[in-house]
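Single-structure report; data block below.
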Amino acid sequence: MNSIMLPGPLRRCKRIYPVILFFVSIVIIILYRLNQLNKNAQIHPKHIYRSNNQEEYVDKNGIRVVVGHYVGNPIHKIPNATYDMINTNNFDPRPGAGKNGNPVVIEPKDLLKMQQYFQINRFNLLASDRIPLNRSLPDFRRKKCTTLFEDYPSYPKTSIIVVFHNEAWSTLLRTVWSVINRSPPELLEEIILVDDASEREFLRKPLEDYISTLPVPTKILRSKTRIGLIKARLKGALVAKGPVLTFLDAHCECTTGWLEALLSVIKSDRTAVVCPVIDIINDDSFAYVKSFELHWGAFNWNLQFRWYTLGGRELKQRKVDATQPFNTPTMAGGLFAIDRQYFFEMGAYDDGMNIWGGENLEMSFRIWQCGGKVQIAPCSRVGHLFRKSSPYSFPGGINKTLFSNLARVALVWMDEWAKFYFKFNEPAGKIKEEQNVTSRLELRKKHQCKGFEWYLDNVWPQHFFPKDDRFFGRIRNLGENKCLIKPQKKVVSNQPMGIAKLETCLGDDLTLEMFVMTPDGFVMTDDSICLDAPEKVVLGPSKVRIMACSGYNRQKWIYDAETQEILHLTNRKCLDISDSATFTDGLVTTNCTGRRTQKWALERVAWK
Ligand code: UDP
Ligand code: MN
């Protein structure tokens, strides 16, 4: 049968053909998958700017770099959705749609309809309504995760609490079914849905009828008036029977093993508040996209929640064992598990907070400062549908609500840093007097909670807030009489984001030109951005960049008060203005010559 004659040497190698073929196919499959992942992630426009200068995006690796806040402006300007569209349940599952977390493709003929429906919940409702409630999802866990929780029957049971306001049928019930399908039944005490005054017809009797058929005891609590997610979660917690409370947003999808990994942490430490790794359900395509693991949650100078790259202790620990829970300064807020008794012991939620926002920081500060811990369990992965704006009305106005909530957080937990927050966030400063936080301060006293300085030093040593041990203020170049400025373009996780620049100096209250210089030599500003230069010694100048802070030596500097030079720690070159056309107006490090553009004044600005 050897009909094809091969040249001699090739004939000898014939037996390795199948092997080569095998490897080539593997490579092709891997390339194809990578390409698909990229495509999923790229469905998001790269940057989405919001009306109050907030921004969020998913980068090409599917990493959601920033989680933002509510802002009103709709991005999509299209025919309004009709009353009927809003109030009808249009769930219309197609077999295989969204299977294994794949994106849903909408045919061109339905594009207008899609856009109309998009406005209702500010996500692609048409796509969501085509995905079955029990769609399959990829399992992104590390292999070891599958072996760690074999003793799960001994874990405490949990009540699942899902609060919602005008949620879509398909997203709400996909959340519920993903819990039912992917949690060991022995660990599910009940599911509690808390309806925060929804107006949709189908969320009334039809929902009640539907949940009565579910295999896990499920109840609905209703609030007649709009109470907001904080009070709605409290309402659920008050009736919950399980020894653990697990909160989920109403548009999540849990993946295999998610619950065991959360409950095992609480079993061994009742003071741990545990979050899953939050993957991304794309708001356009409903693709389930893996999020980056080496991130933790913190916040910026405006008290906006942010994901930053992991460093220090936690990064080292993860390198040893990437399946172990690790500390996080704050949690995102929507998805976490907590021991029920501990939840109430520690003050549950601040019921002086309204509608949405700030409760995640409040709980994180409180738990850390009062002796507990907030952690992320990497073996637990839950998808959350992130969207670019809020579909809800905000009784009382978005800003008023959010700033009041954040003012409460600052007043109760942040000590001197509250002054910093109010000084540089005027709208919050203006309404701080209206807040009565007496009962929360009493709670803090009762539990003898530690101060915010302890929190910054111990929980988040990489923070970029001012402190008495470091410089805070303006960095002025004496040669040009201009100031170092934070670039307005946002930092892409660990990607160079551009050259460091000078601008005409502004005023005291403008954070754009405020920097801290830490005792370690990091020159940092808001949002974890650092002055960065290569360590390698080269002839001539090297570009200085503004980058996401990394903790590496290339971001360390020394200020010599006598010569007024800012020197790079490792190569001792001087920070200077480029005089060459190639670097335009960017900063460089170059040999120290004593010329005036190498002289800098560190002008302190009062922050408290
Ligand atoms: N929610 C609520 N009442 C409100 C606002 C929000 O019950 O007044 C619910 C909402 O349906 C969701 C959860 O609270 O299940 C978190 O809100 P959302 O998902 O809009 O916040 P995000 O995830 O964008 O931070
Ligand atoms: Mn949500």
Side-chain angles (χ1 to χ4, degrees), residues 48 50 54 56 58 64 66-72 74-75 120-123 125 128 160-176 178-179 191-200 203 207 220-237 246-254 275-276 278-283 286 291 297 299 303-307 330-336 349 351 353-364 382-398 400-402 404-406:
I48 300 123
R50 293 181 170 199
Q54 294 178 51
E56 59 182 350
V58 176
R64 181 183 165 78
V66 164
V67 181
H69 283 277
Y70 273 115
V71 184
I75 307 159
I120 301 176
N121 300 83
R122 303 273 167 86
F123 56 67
L125 181 56
S128 177
I160 308 283
I161 300 173
V162 177
V163 304
F164 65 93
H165 175 69
N166 285 339
E167 190 65 45
W169 178 274
S170 51
T171 43
L172 176 64
L173 288 161
R174 213 159 28 244
T175 308
V176 169
S178 76
V179 168
I191 299 174
I192 299 172
L193 305 178
V194 187
D195 173 9
D196 183 13
S198 299
E199 293 129 2
R200 314 274 194 263
L203 293 174
L207 182 62
I220 309 184
L221 310 177
R222 309 266 191 193
S223 175
K224 283 210 183 72
T225 55
R226 179 83 179 281
I227 52 178
L229 77 92
I230 299 143
K231 291 179 182 120
R233 281 196 200 133
L234 264 175
K235 204 173 160 71
T246 302
F247 295 95
L248 291 176
D249 270 12
H251 33 252
C252 289
E253 291 179 61
C254 306
C275 310
I278 305 176
D279 286 322
I280 301 146
I281 302 172
N282 184 294
D283 59 343
F286 275 72
S291 73
F299 48 93
L303 298 186
Q304 293 161 339
F305 176 83
R306 291 286 186 262
W307 298 108
T330 71
M331 59 171 159
L335 296 67
F336 66 96
Y349 270 124
D351 64 3
M353 288 188 167
N354 291 314
I355 305 294
W356 185 97
E359 90 293 344
N360 57 330
L361 297 193
E362 194 273 340
M363 178 172 266
S364 306
V382 178
H384 171 260
L385 177 69
F386 287 96
R387 51 190 158 188
K388 291 146 204 141
S389 60
S390 166
Y392 319 125
S393 67
F394 266 67
I398 295 176
K400 175 95 202 284
T401 309
L402 189 58
S404 303
N405 290 352
L406 291 174

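In each ligand, atom 1 is the first atom listed, and ligand 1 is the first ligand listed.
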### Task
Could you tell me whether D351 and K231 make a salt bridge, using a distance below 4.0 angstrom between a side-chain N and a carboxylate O?
no

### Task
Ignoring angles and geometry beyond distance, decide whether A232 reaches within less than 3.5 Å of ligand 1 through its nitrogen or oxygen atoms.
no

### Query
Considering only heavy atoms of H384, which atoms of ligand 1 have at least one such atom less than 4.0 Å away?
23 (O)

### Where G358 and L406 come nearest, the two heavy atoms and their spacing
CA-CD2, 3.8 Å

### Message
Taking 4.0 angstrom as the limit and counting only heavy atoms of G228, give me the atoms of ligand 1 inside it, by number and element.
### Response
3 (N), 4 (C), 8 (O)

### Query
Shortest non-hydrogen contact from E253 to S178?
CA-OG, 3.5 Å

### Summary
Note: heavy atom closest to atom 12 (C) of ligand 1, options V163, L229, L193, belongs to V163

### Task
Flag the pair N166 / E199 as yes when at least one side-chain heavy-atom distance between them is below 4.5 Å, and no otherwise.
yes

### Query
Among side-chain atoms of T171 and S128, is any donor-acceptor pair under 3.5 angstrom?
no

### Query
By residue and atom, what protein N/O/S atoms are less than 2.8 Å from the Mn ion (ligand 2)?
D249 OD2, H251 NE2, H384 NE2

### Message
Any donor-acceptor pair under 3.5 Å linking the side-chain atoms of N405 with those of E359?
### Response
no

### Heavy-atom proximity to atom 16 (C) of ligand 1, best of D249, L172, L248, D195
D249

### Message
Which of the numbered atoms in ligand 1 are under 4.0 angstrom from any heavy atom belonging to A250?
### Response
15 (O)

### Message
Less than 4.5 Å apart, side chain to side chain, heavy atoms only: is that true for W307 and I278?
### Response
yes

### Query
Looking only at distance, does R233 have an N or O less than 3.5 Å from an N or O of ligand 1?
no

### Task
Output the list of atoms in ligand 1 that are nearer than 4.0 Å to some heavy atom of D196, sorted by atom number.
2 (C), 3 (N), 4 (C), 7 (O), 8 (O)

### Query
Distance-only, no hydrogens or angles: does the R387 side chain make a donor-acceptor pair with backbone N or O of N121 under 3.5 Å?
yes

#### Entry: Location of contacts on Y392 toward ligand 1, heavy atoms closer than 4.0 Å
side chain

### Query
Is the shortest heavy-atom distance from the side chain of C254 to the side chain of V382 under 4.5 Å?
yes

### Query
Does R226 use its side chain to pair, donor to acceptor, with the backbone of S393 at less than 3.5 Å?
yes

